[in-house]
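A quick write-up on the structure given underneath.
As a basis for the values below, the full set of heavy atoms in this structure was taken, side chains included, without hydrogen atoms, waters or symmetry mates. Keep in mind that this is a model prediction, so the values were computed, not measured. Residues: numbered from 1 along the sequence shown.
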Amino acid sequence: MDIVKGGAKIEVSVDKSPRNVSHTKNIKLYPSISPFPPLESDEIIKGLDLVYVAKNLAWKEEPSSDSKLRSVQELQIDNYYPDAVAKYNQILKAGIDNKTKEIEKLADDVKQNDNNARNIQKMFDIEGQKILDQYEHFFEKEKKELEAAEKQFYDFREKNHITRPAGKPRNKYDKLYTVFMFLFLVGLESIFNAGLFSTNLEGGLIAGAAMAGFFSVFNVTISFFFGKFIIPHFYIKAGPWKYITPLCTFAWIVALFFYSLIVGHYRDCLQMDIDRPEVAALNTLASSPFQLSDIFSWLLCVLTIVVGIGAAYHGFKSNADPFPGYSELSEKRNRALHNWNKFASKRHNLIENKFNEYSSKLQNYCSTVSGAAGNLRLCIQDKELIFTQYQSALASARAAVIALIQKFRSVNASERKTKPPAYFSSTEGIFLKADEVQAPDMNLDYKIYAECQAISKSLDDELPAIKQELLDKYQLLLK
């Protein structure tokens, strides 16, 4: 039969004879908030059939009135106390051991996180150096390209005495506009000259437009490229271009003028219906260059010159910058600077993210140190509380066993015809013995607590300096 809840069981076998009551102890304890549940007195009374045994002995007038030795039944009740104490000792040991381990773990947490917090800048520096080493090759490459591009750019400015910024690089819309203007000039000249060429052609206006288009494409193309690639060299005041540019310009003017005369003489030949008009036009140009048959041929010459000048101007304006080579060098420098900034920004972001990560770690380390140091005190108090509950449980168990003995005596005395033994009236003869645990030494725990509190306070005092050192490492890595 189970007689005490919460722990080991007590199997009780009862012979109804008053002197033959035996049990095997295996405590069963009440469940309760305390880890040390009290003895279950009612179950013990029921298991031992205590009332019946007490009455049975009383009917036999046992123990005798003059007896000075406590009965076997009382001594059997006594044994429940050491059984309960043994169980309580196990619970106490487990609780104390757990709290001791918890205290040690909290102390380790304090020391480990304090060490991590104080070395946070070193750990961050190592991680930052890894990032720098990872990108060192690209860093040097981009740096050299940027330095070379800037040297070329500023040497060019100094050599040519340029102080203004270069023109904006041309985008796709600028290029489309250039193509549009080129075609517009070709179309404009073709439309105006189509009627002038068509007066004596079999194909009429269509043939005239085709002829005009041919001459216009040639005129606009040559003039456009002259304006784009030759005219900008007027800005160069030294070197061979100082002489080449005026000569090329003079040659272009002469060529444009004579080309316009060729076009005029070619029209004249078409009007005269001469065979091989191109040969005749060249011969006429060589012998009488300024003798054109009518005003429309002169108008054709003027239109050719005007469109050629317009194409040259448009070619010149199609450059991103009027100074030759300046825009290209500026764009090369800007491209190198963009690549450098892109690389530097990526590296900066990686280091910044790492800095934010370690700043967060520092905060977590400090919070852990502070929290663990505070929890140490609570853990020590829990350890003290466990022993206090243990002592209370011992007192309760002692009182419960004595109450059982008193109940046994009370029932026995009430059923006797003779006077009960003298010791029934006092509990002084009841000696409940057990291996009770002494109070644990808390000095080491309080020493650990004081040490951890000192570590926490020291870390709080040094935290601003640690943060500043971490920030200094961060700024150094960004240089």
Side-chain angles (χ1 to χ4, degrees), residues 1-32 34 36-89 91-92 388-438:
M1 179 179 290
D2 297 345
I3 52 177
V4 182
K5 293 182 179 177
K9 295 180 178 179
I10 298 178
E11 296 179 357
V12 180
S13 59
V14 179
D15 185 346
K16 299 302 181 179
S17 62
R19 293 193 179 274
N20 189 11
V21 179
S22 64
H23 59 82
T24 302
K25 307 172 187 71
N26 202 354
I27 294 294
K28 185 175 182 182
L29 304 171
Y30 279 119
S32 66
S34 169
F36 306 97
L39 291 176
E40 193 173 277
S41 299
D42 291 341
E43 289 293 329
I44 295 174
I45 292 172
K46 183 179 177 181
L48 292 178
D49 206 358
L50 190 64
V51 174
Y52 173 78
V53 171
K55 289 181 178 181
N56 195 14
L57 290 176
W59 297 335
K60 297 178 181 182
E61 302 298 332
E62 293 180 358
S64 60
S65 300
D66 57 353
S67 175
K68 296 182 179 180
L69 297 176
R70 296 175 60 209
S71 66
V72 173
Q73 286 73 19
E74 286 193 13
L75 295 178
Q76 288 178 337
I77 297 172
D78 286 357
N79 290 333
Y80 285 102
Y81 179 72
D83 290 343
V85 171
K87 183 62 179 179
Y88 291 161
N89 288 349
I91 298 173
L92 175 66
T388 301
Q389 292 172 329
Y390 170 75
Q391 290 180 314
S392 176
L394 292 182
S396 297
R398 180 183 294 272
V401 170
I402 292 176
L404 289 171
I405 293 174
Q406 289 178 327
K407 183 173 183 60
F408 171 80
R409 291 178 178 179
S410 175
V411 172
N412 183 272
S414 65
E415 297 294 326
R416 296 171 67 95
K417 295 180 180 180
T418 60
K419 184 177 179 182
Y423 68 83
F424 269 31
S425 61
S426 173
T427 61
E428 293 180 357
I430 301 175
F431 300 103
L432 301 178
K433 297 180 180 180
D435 294 329
E436 300 176 3
V437 177
Q438 300 300 313

Query raised in the report: Taking it one step at a time, do I402 and Y81 satisfy side-chain contact (heavy atoms from CB on, under 4.5 Å)?
Result: CA-CA 9 Å; I402 292 176; Y81 179 72; over 6 Å; no

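- With hydrogens and angles ignored, the 3.5 Å screen pairs a side-chain donor or acceptor of Y423 with a backbone N or O of L69.
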Requested in this report: For side-chain contact (heavy atoms from CB on, under 4.5 Å), just list the numbers for S67 and E62, CA-CA rounded to whole Å, side-chain angles, deciding distance to a tenth of an Å, and then say yes or no.
Outcome: CA-CA 9 Å; S67 175; E62 293 180 358; over 6 Å; no

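- Residues E415 and L57 are not in side-chain contact: their nearest non-hydrogen atoms beyond the backbone lie 4.5 Å or more apart.
- With sequence neighbours excluded, no residue forms a ring-ring contact (aromatic ring centres under 6.0 Å, His included) with F408.
- Contact annotation: the side chain of E436 never approaches that of Y88 to less than 4.5 Å [non-hydrogen atoms, C-beta and beyond].
- Legend: residues meeting side chain to side chain donor-acceptor pair (under 3.5 Å) with R70, ordered by chain and number and at least two apart, are E74, D78.
- The closest side-chain heavy-atom distance from V411 to L50 is not below 4.5 Å.
- You'll find the side chain of P421 reaches within 4.5 Å of the side chain of R416, heavy atoms only.
- By the side chain to side chain donor-acceptor pair (under 3.5 Å) test, D66 pairs with S64, sequence neighbours left out.
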Report task. Report the C-alpha distance between I77 and V401 in whole Å, list the side-chain angles of each, state the deciding distance to 0.1 Å, and finish with yes or no for side-chain contact (heavy atoms from CB on, under 4.5 Å). Result -> CA-CA 7 Å; I77 297 172; V401 170; 4.0 Å; yes

Report task. For T427 and I430, run side-chain contact (heavy atoms from CB on, under 4.5 Å): C-alpha distance rounded to whole Å, both residues' side-chain angles, the deciding distance at 0.1 Å, then the answer. Result -> CA-CA 5 Å; T427 61; I430 301 175; 4.0 Å; yes

